Structures are given as C-alpha cells and as structure tokens.
Amino acid sequence: MRWPSYRQRIGGTTRVIDGHSETGWGWSIDPDETSESAGHDRTADTLDDALHAARTALAA
C-alpha cells in the first residue's frame, strides 16, 4: 500500500510529509532522493503536527 505523500517546494527548500493517520507521519526537509520515501528522521502523531513542525523548521 502506498501512503499519502505531500511534497512542497518553497524557494530553494523542499519539505516532504508522508504517512497515515493510523500509523503516524514522517517529515523531512530537503531529503535526498533515495531516502525520501524510505523513512524520515522526524515523526509526528498527526498530519497537523507534522505540518506545524515542518513549518517551524523552515522558519528557523
């Protein structure tokens, strides 16, 4: 099964968020192509939490 994946490029930065509400969400900032869908160092319980964390990381 393929999980939903969201990819957004802002300026020169790309954020990728994917997962499922039952299993949690992983997110990365500027992932390399080989690890993009293979796993994320950062995780969140909900999509909203993942979006918020990625926004915060991009603002830093």
Side-chain angles (χ1 to χ4, degrees):
M1 174 185 281
R2 180 128 170 97
W3 301 115
S5 182
Y6 305 95
R7 180 183 190 94
Q8 183 177 36
R9 187 159 181 83
I10 301 171
T13 304
T14 300
R15 68 179 175 182
V16 176
I17 301 171
D18 58 26
H20 192 272
S21 59
E22 294 176 11
T23 58
W25 297 85
W27 61 277
S28 298
I29 304 295
D30 288 330
D32 64 46
E33 290 188 25
T34 59
S35 66
E36 181 174 310
S37 297
H40 300 278
D41 291 338
R42 302 171 193 131
T43 60
D45 292 332
T46 67
L47 177 56
D48 285 339
D49 289 345
L51 289 167
H52 176 75
R55 279 188 209 111
T56 301
L58 287 172

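In this text the structure is predicted, and so the values were computed from the model without any measurement. The figures that follow rest on heavy atoms only: side chains count, while hydrogens, waters and symmetry mates do not.
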Among all residues two or more places apart in sequence or in another chain, which pass the side-chain contact (heavy atoms from CB on, under 4.5 Å) test with Thr43?
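Expected list: none.
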Gap separating the CZ atom of Arg9 from the OG1 atom of Thr14, nearest 0.5 angstrom:
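Answer rounded to 0.5 Å: 4.0 Å.
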Kindly compute the distance separating CG (Asp49) from CZ (Arg42), expressed to the nearest 0.5 Å.
15.0 Å
Please table the atom pairs, donor to acceptor, closer than 3.5 Å between any side-chain atom in residues 51-60 and protein atoms at least two apart or in another chain.
residue: Thr56; atom: OG1; partner: His52; partner atom: O; Å: 2.9

Return the minimal non-hydrogen interatomic distance between [X] and [Y], and the atom names on each side.
X     : Y     : answer
Ala50 : Ile17 : CB-CG2, 3.9 Å
His40 : Val16 : CE1-O, 4.0 Å
Trp25 : Asp45 : CD1-O, 3.9 Å

Would you indicate whether the side-chain heavy atoms of Asp18 and Trp27 approach each other to under 4.5 Å?
no
